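Just so we're clear, the structure is a prediction, and the values are computed from it rather than from any experiment.
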Amino acid sequence: MFDTLIIGGGVSGMSCALILGSGHKKAFVQDKKIGIITHQKASSLQDAIFYNAYGIPAGTLGSDLLNNSIDQLKESYPHISQISDEKVLKVIREENSFQVITNKSTYQTKIIVVGIGSSNLFDIEGLNQYVIPHQKSLPEKQRIQLKNIDHKVAEGIYVCGTLAGHRSQLAIAAGSGASVATDILVLWNNGIETHSHDSIKTK
């Protein structure tokens with residue numbers, strides 16, 4: 001049983017995973033099981049090159065960024081389970097959890113974070129009822145999003161990145177994933193405001 005399972009290994013999903021991973025020293029996070037399904041084949045980063053993204057060296061290829069983020073998550077937060085080469089087909093709500101069914105396996109989780117792209121090819125049974133036209137994209141692009149309020153789709157279901165209705169900018173997608181992660185940390189902390197920072201200062 002995962003406490004949170006992130007669907008999607010692009011910018012927003014990996015950003016969410018990194019923030020959740022960094023919270024492992026907090027007492028209320030230590031017993032949490034976190035996973036990410038790192039399906040990246042459809043990520044718009046595959047063809048991207050960056051010159052205008054904060055903190056990323058000019059000329060960085062999106063494909064390299066995708067690979068490096070997986071390595072960074074593995075090295076920095078090895079307690080997060082990375083599930084590769086699987087595609088989510090169906091989500092089933094149960095009483096206090098969800099079944100997430102892929103083309104290869106089935107997982108149980110208390111919280112789902114959906115961080116895949118906003119293509120109109122989106123087709124995850126159990127989530128299709130939340131699909132609406134993308135509110136910030138040109139109609140001719142036929143992009144979609146999941147209906148949400150501040151990233152929350154329904155109880156236990158969050159969405160981040162372009163699928164949350166944000167524009168397709170790396171910095172926006174990363175911030176969206178981080179925002180969802182901090183909301184989950186607050187939830188785990190019994191509703192008390194919290195976030196996760198690292199510091200070079202010693203106590």
Side-chain angles (χ1 to χ4, degrees), residues 4-22 34-77 80-89 102-103 112-124 127 130-148 150-151 153 158-184 196 198:
T4 294
L5 183 60
I6 302 162
I7 301 171
V11 177
S12 64
M14 293 302 291
S15 177
C16 184
L18 286 165
I19 296 294
L20 288 178
S22 70
I34 304 161
I36 179 168
I37 298 174
T38 58
H39 187 72
Q40 297 181 331
K41 289 182 180 178
S43 174
S44 57
L45 258 68
Q46 296 288 0
D47 301 317
I49 185 168
F50 293 99
Y51 292 96
N52 65 351
Y54 178 79
I56 295 175
T60 297
L61 295 176
S63 55
D64 289 339
L65 200 58
L66 285 170
N67 292 331
N68 293 341
S69 65
I70 284 179
D71 292 340
Q72 179 184 352
L73 184 64
K74 187 181 298 182
E75 291 168 10
S76 299
Y77 310 115
I80 292 187
S81 300
Q82 291 196 39
I83 303 162
S84 60
D85 301 319
E86 295 189 31
K87 184 176 181 180
V88 175
L89 304 176
T102 76
N103 58 330
I112 296 170
V113 179
V114 189
I116 59 180
S118 55
S119 166
N120 62 0
L121 298 177
F122 179 94
D123 186 22
I124 298 177
L127 297 180
Y130 302 115
V131 171
I132 61 173
H134 199 288
Q135 302 300 291
K136 292 184 178 179
S137 180
L138 295 171
E140 56 265 31
K141 289 192 174 183
Q142 298 183 323
R143 298 294 183 187
I144 59 97
Q145 67 175 76
L146 299 188
K147 188 175 182 181
N148 69 92
D150 193 22
H151 297 104
V153 176
Y158 294 84
V159 63
C160 54
T162 56
L163 195 63
H166 295 298
R167 293 186 177 90
S168 182
Q169 291 285 157
L170 184 143
I172 296 173
S176 172
S179 180
V180 169
T182 55
D183 284 347
I184 292 172
S196 183
D198 297 312

Working to the nearest 0.5 Å, report the span between CD1 of Ile124 and CD1 of Ile7. 5.0 Å
Taking the side chain as every heavy atom from C-beta outward, state whether Tyr158 and Leu146 have any atom pair closer than 4.5 Å. no
Working to the nearest 0.5 Å, report the span between CG of Leu18 and OG of Ser69. 7.0 Å
Nearest heavy-atom contact between Gly9 and Ile36 is CA-CD1, 4.4 Å
Run the side-chain contact (heavy atoms from CB on, under 4.5 Å) check on Leu45 and Leu65 step by step: do they pass? CA-CA 8 Å; Leu45 258 68; Leu65 200 58; 4.1 Å; yes
side-chain contact (heavy atoms from CB on, under 4.5 Å) against Thr4, all qualifying residues, sequence neighbours excluded: Ile6, Leu20, Ile111, Val113, Ile184, Trp188
Residues Ala53 and Leu170: closest non-hydrogen pair is CB-CD2, 4.1 Å
Can you tell me how far the OG1 atom of Thr60 sits from the CD1 atom of Ile49, to the nearest 0.5 Å? 8.0 Å
Do Thr102 side-chain atoms and Val88 backbone N/O form a donor-acceptor pair below 3.5 Å? no
Can you give me the closest heavy-atom contact between Cys16 and Ala181, atom names plus distance? O-CB, 3.5 Å
In short, Gly165 meets Lys136 closest at the heavy-atom pair O-CD, 3.4 Å
Return the set of residues passing side-chain contact (heavy atoms from CB on, under 4.5 Å) with Asp64 (not counting sequence neighbours), or none when no residue passes. Leu61, Asn68
Quick check: closest heavy atoms across Ala58 and Tyr51, and the distance to 0.1 Å? CB-CD2, 3.7 Å
In Å, rounded to the nearest 0.5 Å, how long is the span from CG of Asn120 to NE2 of His134? 12.0 Å
Which pairs pass side chain to side chain donor-acceptor pair (under 3.5 Å) with one or both residues in residues 166-178, sequence neighbours excluded? His151-His166, His151-Ser176
Sidechain-backbone polar pair: Gln145 side chain, Gln135 backbone, donor-acceptor under 3.5 Å: yes
Determine whether a donor-acceptor pair (N or O, by modelled atom type, separation under 3.5 Å) exists between the side chain of Gln82 and the backbone of Ile70. yes
Nearest heavy-atom pair of Ser22 and Ser196: which atoms, and what distance? OG-OG, 2.7 Å
In Å and rounded to the nearest 0.5 Å, what is the CG to CG distance from Asn148 to Leu163? 8.5 Å
Please check: side-chain N/O of Thr182 versus main-chain N/O of Ser179, any donor-acceptor pairing under 3.5 Å? yes
Measure the spacing between CD1 of Ile34 and CD1 of Ile80 and express it to the nearest 0.5 Å. 4.5 Å
Sub-3.5 Å donor-acceptor pair from the side chain of Asn103 to the main-chain atoms of Glu86, do we have one? no
Considering only heavy atoms from C-beta outward, does the side chain of Lys147 approach that of Val153 to under 4.5 Å? no
